[in-house]
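Computed from a predicted structure; not experimentally measured. Because only heavy atoms are used, hydrogens play no part in the values below, and waters and symmetry mates are left out as well, while side chains stay in. Positions are given from 1 along the sequence.
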Amino acid sequence: MLLQLNDISKNFGGLQVLQGVNFNVKEGEIFGLIGPNGAGKTTVFNLITGLLRASSGSIRFNDDDIGAVAPHKITERGIARTFQNIRVFKEMTLLENVVVGMHEHLNYGVTSMLLNLGGFRKAESEARERALELLSWVRLDHKAHMLADSLSYGEQRKLEFARALATKPKLLLLDEPVAGMNPAEKTELMSEIVNIKARGFTIFMIEHDMRFVMGLCERIAVLNFGKIIAEGTPDQIKNNQEVIEAYLGKEEA
């Protein structure tokens with residue numbers, strides 16, 4: 001397994017947000033975590049990326065315990081994330097936004113950069129070529145030299161994907177990737193996520209749009225009041241009575 005959450009609990013003072021959460025993400029799949037608002041989904045992402053520490057349990061990535069690893073070190077190990085609220089540098093070009101995501105992997109020293117030596121120029125040129133390639137994956141390469149602020153909401157989402165991919169992740173975490181998008185943008189993004197997976201990436205998403213989740217994910221876990229209440233294929237989740245009740249309420253279900 002690429003990612004394993006083993007008996008994870010998280011408390012904030014007297015409030016228990018997660019209780020004994022167990023699930024895993026297999027290499028090469030698209031995995032989804034769903035649940036009503038306040039179920040604890042974003043807390044799961046914050047624990048995986050090191051922004052929070054679990055109260056108990058363990059998180060393993062590539063068979064290493066990452067429960068006490070700093071966020072920037074988790075990125076270096078191969079986990080990248082997008083956020084619910086778009087976080088692009090709006091006064092930079094699309095190309096510059098993506099190159100920023102690569103700097104951890106560029107092979108030149110401070111002296112080379114300050115003196116504009118050959119090693120620095122070569123690394124920057126290669127980074128720009130790679131950035132253009134990543135922008136082409138989300139069909140934004142024709143806007144590479146435009147400011148990010150000029151993009152539509154959906155295009156800014158896709159730019160954030162390209163920048164996350166620039167960190168060379170083994171696992172890409174998508175936090176509500178289609179929030180705020182119109183139906184056409186959602187359809188387009190679904191196609192691009194499938195293409196990203198086909199290039200060898202593993203994807204783990206949180207999303208409220210059930211049609212989007214059911215159309216993309218191979219396996220889905222359902223979180224309710226901090227506990228996993230179901231896990232399985234989209235068809236299994238769709239027909240699970242406990243899941244239906246969690247979303248619709250017992251009487252209405």
Please find the pair of heavy atoms, one from [X] and one from [Y], that lie closest to each other, and give the distance.
X      : Y      : answer
Leu18  : Ala39  : CD2-O, 4.4 Å
Arg77  : Asp64  : NH1-CB, 3.8 Å
Thr202 : Gly28  : OG1-N, 2.6 Å
Val138 : Ala162 : CG2-CB, 4.2 Å
Asn22  : Asp7   : OD1-N, 2.6 Å
Pro177 : Ile206 : CD-O, 3.4 Å

inquiry  = Set out, in order, the CA-CA distance, both residues' side-chain angles and the distance that settles side-chain contact (heavy atoms from CB on, under 4.5 Å) for Phe212 and Met205, then state yes or no.
reply    = CA-CA 11 Å; Phe212 189 82; Met205 72 170 66; 4.0 Å; yes

Quick one: [atom1] on [X] to [atom2] on [Y], what's the gap to the nearest 0.5 Å?
X      : Y      : atom1 : atom2 : answer
Arg211 : Leu216 : CZ    : CG    : 13.0 Å
Lys90  : Leu147 : NZ    : CG    : 12.0 Å
Leu173 : Leu33  : CG    : CG    : 11.0 Å
Phe61  : Ile79  : CZ    : CD1   : 4.5 Å
Arg53  : Lys10  : CZ    : NZ    : 9.5 Å
Ser55  : Ile8   : OG    : CD1   : 9.0 Å

task = I would like to know whether Phe12 and Leu52 meet side-chain contact (heavy atoms from CB on, under 4.5 Å); could you show each step before the answer?
result = CA-CA 11 Å; Phe12 293 101; Leu52 294 174; 3.7 Å; yes

Taking [X] for its side chain and [Y] for its backbone only, find out whether a donor-acceptor pair lies under 3.5 Å.
X      : Y      : value
Thr75  : Ala80  : no
Thr82  : Glu160 : no
Glu207 : Asp209 : yes
Asn6   : Gly57  : no
Tyr153 : Asn182 : no
Thr187 : Pro183 : yes
Lys41  : Gly35  : yes
Gln4   : Asn24  : no
Asn46  : Leu51  : no

[atom1]/[X]: more than 12 non-hydrogen atoms of other groups inside 6.0 Å:
X      : atom1 : value
Arg139 : CZ    : yes
Lys227 : NZ    : no
Glu27  : CD    : no

Decide yes or no for [X] and [Y]: does some side-chain heavy atom of the first lie under 4.5 Å from some side-chain heavy atom of the second?
X      : Y      : result
Arg60  : Met1   : no
Leu5   : Ile48  : yes
Val98  : Leu159 : yes
Trp137 : Asn195 : no
Glu185 : Val178 : no
Thr49  : Pro71  : no

request  = Verify side-chain contact (heavy atoms from CB on, under 4.5 Å) between Arg157 and Leu189, making sure each step is shown before the conclusion.
outcome  = CA-CA 9 Å; Arg157 280 270 178 209; Leu189 188 64; 5.5 Å; no

Under 4.0 Å between a side-chain nitrogen and a carboxylate oxygen: does that hold for [X] and [Y]?
X      : Y      : value
Glu155 : Lys158 : no
Lys26  : Glu218 : no
Glu231 : Arg219 : yes

Report whether [X] and [Y] are members of the same hydrophobic cluster (ILVMFWY, side-chain heavy atoms less than 4.5 Å apart, transitive linking).
X      : Y      : value
Leu174 : Leu140 : yes
Leu132 : Leu151 : yes
Leu3   : Leu165 : no
Ile244 : Phe225 : no
Val69  : Val44  : yes

key: Ile237: side-chain contact (heavy atoms from CB on, under 4.5 Å) partners, not counting sequence neighbours   = Ile34, Met214, Ile220, Val222, Ala230, Val243

inquiry  = Could you work out, with ring-ring contact (aromatic ring centres under 6.0 Å, His included) as the rule, every residue matching Phe45, not counting sequence neighbours?
reply    = Phe204

request  = Quickly, which of Leu171, Ile193, Val25 forms a side chain to side chain contact (heavy atoms under 4.5 Å, CB included) with Ile203? Name it, please.
outcome  = Ile193

inquiry  = Could you go through Leu94 and Asp141, starting from their C-alpha distance and side-chain angles, then the distance that decides it, and tell me whether this counts as side-chain contact (heavy atoms from CB on, under 4.5 Å)?
reply    = CA-CA 8 Å; Leu94 278 66; Asp141 50 315; over 6 Å; no

